Each structure stands twice: as C-alpha cells, then as structure tokens.
**Q** 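One structure coming up, written as structure tokens, with questions to follow.
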Amino acid sequence: MLQYWLVKSEANCYSIDDLIKEPNQTTAWSGVRNYQARNFMRDMMKIGDQVFFYHSVTNPGIVGLAEVCSKAYPDPTQWDMNDPHCDPKSQPDNPRWYLVDLKFVDKFKTPISLSILRSYSELSGMELLKKGSRLSVMPVQKNEFEFILKLITS
DNA sequence: GCCAACGTTGGC
DNA sequence: GCCAACGTTGGC
C-alpha cells in the first residue's frame, strides 16, 4: 500500500528546480536532523511512495511531486566534517540519521500556495497546516493527497 | 526527571 | 524584522 508524504525545503536552499537538474532527477534527501522526521524516512517510507515537494518561507506552497526511489540508508553527511549537518556524536556502527532518495515526478504549472491550502475545509486536518508544525518530513493522508491532486488537474 | 536557556523554523 | 512554537541541551 503506497503512502503519501510531504517534504519541505526553502527554495533558495534546495528547490524543485534543483531536483529537476539532478542526474536522473534524483537526490538523496540529506540533512534532516529531527528524530520524528527521521523515523518517517527510516521506518515507514517505501519505494514508490508519493511525496509532495513544498517550498517553505518564500512563497510557501506545494510546488510539485516526487517519489521515494530507495530504501532508507544512513545519511552520509552526518560524518562529513565539512557539512553543516555533521553530527560528531553519530557512530558509524550505530548511525543516528537516515534518509531516502527522492526522484522528481512533476512540477505543477501553478504552485498550490499555503493560503489556498488553508482555504479548503477538506484539508483542515493536514499536518502541514497545524499550528506550530515544523516537521520537514511529514505524512499526508490519502484523502488529502487525492484532494490536492484534483486541484492540480482542475 | 525536571525545566530554564538557547537555537531554529517558518509564517507574516 | 518580528515573534510564536518547537526541539534540544545541560545543570541540578
């Protein structure tokens, strides 16, 4: 059974256009340093799961769709001394941080802005829309996912 | 185990 | 730039 997710990124940090430019339009979703977000990737994401790509802060909204294309594996940047997300406390024999690879699927002609998302009562239960929601990787309910997809095609 | 202090996220 | 909300750290 496929599951649905949403990942956040600031566009000036890593945008959906950056993903499109990657070899095979695929990237390792590295740098996540939140345990809840890690658990979603490590324990629940499966190859083929569908992932909304969300730009935060500047013109916040869902800008496209990606797909999980690897199983979870240790995030190599946790052991990279030159990486801002380096975590010296993480032991190679007991990695603290995991990630999955994401592959580009679609870029929406028109992003679905945060304010638009908020305007639909059907989406009022979305994790993304909850007050104080700061998770950078979060689940999306099937009915929410399908509702949003219909907004794209209509 | 508690909790104050701090740093970060992210909307506005 | 402001500030609310949140997670993490570390002293006790």
Side-chain angles (χ1 to χ4, degrees), chain A residues 3-22 27-45 49-68 72-152:
Chain A
Q3 288 183 279
Y4 306 96
W5 307 94
L6 180 146
V7 297
K8 284 183 192 171
S9 180
E10 288 193 45
N12 59 11
C13 177
Y14 189 90
S15 72
I16 193 154
D17 292 318
D18 294 323
L19 178 60
I20 290 172
K21 288 180 209 145
E22 299 281 1
T27 193
W29 200 248
S30 65
V32 173
R33 296 294 181 266
N34 170 284
Y35 288 103
Q36 219 181 328
R38 177 207 65 183
N39 292 348
F40 287 136
M41 289 198 286
R42 188 188 61 181
D43 305 335
M44 297 178 70
M45 279 190 175
D49 280 1
Q50 301 295 108
V51 184
F52 282 134
F53 199 111
Y54 178 87
H55 284 170
S56 61
V57 181
T58 308
N59 299 322
I62 299 173
V63 294
L65 188 61
E67 178 175 305
V68 176
Y73 60 97
D75 181 345
T77 66
Q78 68 195 300
W79 298 302
D80 180 351
M81 303 260 285
N82 297 315
D83 192 286
H85 302 291
C86 180
D87 182 355
K89 292 187 206 159
S90 179
Q91 302 299 320
D93 59 353
N94 184 23
R96 185 179 288 191
W97 305 112
Y98 282 74
L99 53 67
V100 296
D101 291 346
L102 295 182
K103 184 177 175 61
F104 172 77
V105 174
D106 191 24
K107 179 182 175 182
F108 303 151
K109 286 197 182 67
T110 308
I112 309 173
S113 70
L114 180 60
S115 59
I116 292 287
L117 291 169
R118 285 198 192 283
S119 73
Y120 290 103
S121 60
E122 292 89 338
L123 301 177
S124 60
M126 271 190 92
E127 185 70 30
L128 176 74
L129 304 182
K130 287 182 184 163
K131 190 175 180 186
S133 167
R134 284 172 36 183
L135 273 178
S136 62
V137 177
M138 66 181 78
V140 174
Q141 300 306 310
K142 183 177 163 78
N143 63 320
E144 297 162 350
F145 183 86
E146 289 171 351
F147 184 87
I148 291 167
L149 272 198
K150 269 191 256 171
L151 297 179
I152 306 305

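Worth saying up front: this structure is predicted, and the values here are computed from it rather than measured. Per chain, numbering begins at 1; letters A, B, ... match sequence-line order.
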**Q** Using five pairs at either end of the helix from B:dG1-C:dC12 to B:dC12-C:dG1, determine the angle between the two local helix axes and round it to 10 degrees.
**A** 10°

**Q** By the side chain to side chain donor-acceptor pair (under 3.5 Å) test, which pairs, at least two apart or in different chains, include something from residues 123-138 of chain A?
**A** A:Glu127-A:Lys130

**Q** Tell me which pairs pass ring-ring contact (aromatic ring centres under 6.0 Å, His included) where either residue lies in residues 125-145 of chain A, with sequence neighbours left out.
**A** A:Tyr4-A:Phe145, A:Phe52-A:Phe145

**Q** Looking at A:Leu19 and A:Ala66, what are the two nearest heavy atoms and their distance?
**A** CD2-CB, 4.3 Å

**Q** Considering residues at least two apart in sequence or located in another chain, which fulfil the side-chain hydrogen bond (donor to acceptor under 3.5 Å, both in side chains) criterion with A:Tyr120?
**A** none

**Q** Which nucleotide span of DNA chain B, 5' end to 3' end, has atoms closer than 4.0 Å to non-hydrogen atoms of chain A?
**A** B:dG7 to B:dC12

**Q** With salt bridge (Lys or Arg N to Asp or Glu O under 4.0 Å) as the criterion, how do A:Lys150 and A:Glu146 come out once you've worked through the C-alpha distance, each side chain's angles and the decisive distance to 0.1 Å?
**A** CA-CA 6 Å; A:Lys150 269 191 256 171; A:Glu146 289 171 351; over 6 Å; no

**Q** Taking ring-ring contact (aromatic ring centres under 6.0 Å, His included) as the cut-off, I'd like each qualifying pair that reaches into residues 73-119 of chain A, sequence neighbours left out, listed once.
**A** A:Tyr35-A:Trp97

**Q** How far apart are the C-alpha atoms of A:Arg38 and A:Asp75, what are their side-chain angles, what is the distance that settles it, and do they pass the salt bridge (Lys or Arg N to Asp or Glu O under 4.0 Å) test?
**A** CA-CA 10 Å; A:Arg38 177 207 65 183; A:Asp75 181 345; over 6 Å; no

